[in-house]
Chemist: 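Handing you a structure now.
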Amino acid sequence: MYEKFVQFPFVCTDTRKILPNSLFFCLKGDNFDGNLFVNEALEKGAQYVITENKQLPKSDRIIVVDDVLKTLQQLANFHRKQLEIPIIGITGTNGKTTTKELIAAVLSKKYKTACTQGNLNNHIGVPLTLLSIKKDDEIAVIEMGANHPGEIAELCLIAQPEYGLITNIGKAHLEGFGTIENIIETKTALYRVAQVLFVNKEDEVLMRCAVSGERCEVNGLPVSKIYYGKNTDITASILEMNPCLVIDMFGQRTQTQLTGNYNLPNILGAAAIGRFFNVSENDICDAIAEYQPRNNRSQIIKSKTNTIIADYYNANPTSMKAALDNFLQIDAPHKSAILGDMLELGENSLHEHQIIIDFCQTQHLETIFVGTNFFALKNDRSQFFLNVHSCNEYLKEHQFDNRFILIKGSRGVHLEEMLTITSIYHR
């Protein structure tokens with residue numbers, strides 16, 4: 001299989017995005033089965049198709065295996081073992097994608113850097129990322145996500161990262177994890193396999209986990225820890241935050257395109273890794289200044305009359321509270337928040353949503369709440385809507401002008417639909 005991959009080093013799992021002369025893996029899930037598209041994949045140019053369908057006519061271009069996903073993962077792990085470059089693993093509850101992109105931006109100043117594209121950070125995405133690493137790549141940054149116990153350990157077995165950074169550990173995917181203790185145990189699997197750990201010294205949970213069950217060596221080599229944050233060599237102070245951060249780092253004033261003081265640890269993590277890999281301080285600062293957030297992660301959008309922080313790629317109690325704390329610190333005369341449901345919280349859902357409602361109302365922040373969880377807790381002190389459509393209908397009649405607006409919620413609430421419907425963006 002690996003000989004075929006070396007000859008045709010392109011891997012596809014979706015016939016809509018198939019590449020000529022690629023390997024097509026027929027993955028299946030709850031709502032799809034790639035094994036039904038073998039002939040289509042071949043017709044569209046796949047050189048080989050890997051399938052579990054044993055009923056197909058024999059063909060040199062069809063490879064039948066017992067488990068396609070396991071085969072994909074084994075192939076990715078075998079490829080990883082051939083790579084003689086540093087592999088950096090990134091995980092955490094919040095900020096891992098931004099941190100991954102900041103790290104890649106910093107390292108790209110000195111090295112040809114491969115990294116996870118978008119949010120391909122699960123049991124399929126990590127193998128695909130590994131298989132995308134080319135012969136001339138000099139370093140790789142692999143993002144790893146989880147929503148159930150034990151998943152980071154499984155991804156570490158595939159990616160075998162030598163270097164590891166955990167952004168933070170908070171309340172997310174409680175429906176799958178059950179408890180915060182399960183989240184901590186799952187995320188810190190990265191600390192148990194990496195040889196060099198990059199640790200935020202200001203995070204009590206991470207500091208405790210980095211030293212608990214402390215290992216002296218991995219694969220016969222000593223384990224080392226690189227700390228960043230206050231009272232370390234990698235620190236910074238916020239000079240301005242209206243709304244983007246201006247920081248003093250390495251004695252340089254750096255204007256970033258990131259909003260939120262919660263992004264400072266992400267910046268420092270990237271700086272710590274950059275310095276470890278001998279990227280100059282000037283290049284680190286330049287990379288941080290040049291990085292532009294995408295995919296509705298703390299993006300600043302300016303309309304004719306309003307300024308919007310679009311931060312609705314995902315949401316959980318930890319990230320929601322951090323976003324609100326930051327928003328309240330921004331110096332603007334008229335501020336409003338539009339908050340969508342935080343999903344996948346299980347039996348804790350209503351309790352966590354009530355905490356957010358109480359916080360906003362205690363702070364006297366004008367807030368619109370959107371989604372079934374928030375709506376179930378409605379009161380007469382704020383506006384509550386079941387969905388984005390009903391919220392948009394309200395906003396058409398009650399338009400926002402000259403406002404600073406935070407829009408945050410989980411992807412499943414579809415707050416992005418406000419971009420094309422609501423007058424707050426286009427007036």
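Please read all numbers here as calculations on a predicted model, not as lab measurements.
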Chemist: Tell me whether the guanidinium CZ or amine NZ of K110 lies under 6.0 angstrom from the six-membered ring centre of F277 and within 45° of its axis.
Modeler: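 Output no; distance or angle outside limits.
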Chemist: Which residue pairs satisfy the side chain to side chain donor-acceptor pair (under 3.5 Å) criterion with at least one member in residues 53-66, sequence neighbours excluded?
Modeler: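 Those involving residues 53-66 do not exist here.
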Chemist: What residues form a salt bridge (Lys or Arg N to Asp or Glu O under 4.0 Å) with D137, not counting sequence neighbours?
Modeler: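 Residues passing salt bridge (Lys or Arg N to Asp or Glu O under 4.0 Å) with D137: K112.
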Chemist: If a pair satisfies side chain to side chain donor-acceptor pair (under 3.5 Å) and one of its residues is in residues 270-280, list it, with sequence neighbours excluded.
Modeler: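 Residue pairs passing side chain to side chain donor-acceptor pair (under 3.5 Å), neighbours aside: R275-E281, S280-D283.
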Chemist: Can you tell me how far the CE atom of M144 sits from the OG1 atom of T186, to the nearest 0.5 Å?
Modeler: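 It comes to 12.5 Å.
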Chemist: Check this for me, if you would: do R16 and D14 make a salt bridge, where the nitrogen-to-carboxylate-oxygen distance has to be below 4.0 angstrom?
Modeler: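 Salt bridge flag = yes for D14 with R16.
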Chemist: Examine the side chains of S382 and Q361 and answer whether a donor and an acceptor come within less than 3.5 Å of each other.
Modeler: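 Result is yes, a qualifying pair exists.
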Chemist: Go through the structure and list residues passing side-chain contact (heavy atoms from CB on, under 4.5 Å) with F32, not counting sequence neighbours.
Modeler: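 L27.
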Chemist: Sequence neighbours excluded, which residues qualify as side-chain contact (heavy atoms from CB on, under 4.5 Å) partners of E290?
Modeler: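 E290 satisfies side-chain contact (heavy atoms from CB on, under 4.5 Å) with K109, D286 once adjacent residues are dropped.
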Chemist: Answer yes or no: is there an ion pair linking K187 with E151, defined by an N-O contact shorter than 4.0 Å?
Modeler: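 Salt bridge: no.
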Chemist: Could you list the donor-acceptor pairs under 3.5 angstrom formed by side chains in residues 154-165, with sequence neighbours left out?
Modeler:
unit_1	atom_1	unit_2	atom_2	d
E162	OE1	I87	N	3.1

Chemist: Got a sec, which pairs hit salt bridge (charged side-chain N to carboxylate O under 4.0 Å, His left out) with one end in residues 68-77, sequence neighbours left out?
Modeler: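 Qualifying pairs: none.
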Chemist: Please identify each residue that fulfils salt bridge (Lys or Arg N to Asp or Glu O under 4.0 Å) with K44, with sequence neighbours left out.
Modeler: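 Counting only residues at least two positions away or on another chain, K44 forms a salt bridge (Lys or Arg N to Asp or Glu O under 4.0 Å) with E40.
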Chemist: Any salt bridge (charged side-chain N to carboxylate O under 4.0 Å, His left out) pairs touching residues 18-35, not counting sequence neighbours?
Modeler: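 Residue pairs with at least one partner in residues 18-35: K28-E52.
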Chemist: On the six-membered ring of F359, is K321 placed so that its NZ or CZ lies under 6.0 angstrom from the centre and within 45° of the ring axis?
Modeler: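 Checked: cation-pi criterion met.
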Chemist: Checking K96 now: which residues fulfil salt bridge (Lys or Arg N to Asp or Glu O under 4.0 Å) with it, not counting sequence neighbours?
Modeler: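 K96: no salt bridge (Lys or Arg N to Asp or Glu O under 4.0 Å) contacts found.
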Chemist: With R411 as the cation and Y312 as the aromatic partner, state whether NZ or CZ is under 6.0 Å from the six-membered ring centre and within 45° of the axis.
Modeler: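 No; the conditions do not both hold, so R411 does not lie above the ring face of Y312.
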Chemist: Distance check, rounded to the nearest 0.5 Å: F250 atom CZ versus I288 atom CD1?
Modeler: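 Spacing of CZ (F250) from CD1 (I288) equals 9.0 Å.
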Chemist: Is it true that atom CD of Q82 has more than 12 heavy atoms of other residues, nucleotides or ligands lying nearer than 6.0 Å?
Modeler: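 Check passes, neighbour count above 12.
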Chemist: Applying salt bridge (Lys or Arg N to Asp or Glu O under 4.0 Å), can you list everything that pairs with K100, at least two apart in sequence or on another chain?
Modeler: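 With sequence neighbours excluded, K100 shows a salt bridge (Lys or Arg N to Asp or Glu O under 4.0 Å) to E143, given in chain and number order.
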Chemist: Report the residues that fulfil side-chain contact (heavy atoms from CB on, under 4.5 Å) with S349, sequence neighbours left out, ordered by chain and then residue number.
Modeler: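 Applying side-chain contact (heavy atoms from CB on, under 4.5 Å) to S349 gives L345, H353, N373.
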Chemist: For C26, which of V49, V65, I50 qualifies under side-chain contact (heavy atoms from CB on, under 4.5 Å)?
Modeler: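 Going through V49, V65, I50 one by one, the side-chain contact (heavy atoms from CB on, under 4.5 Å) with C26 is satisfied by V49 alone.
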Chemist: Do the numbers put K4 on top of the ring of Y48, so that NZ or CZ is under 6.0 Å from the six-membered ring centre and no more than 45° off the axis?
Modeler: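 The answer is yes; both the distance and angle limits are met.
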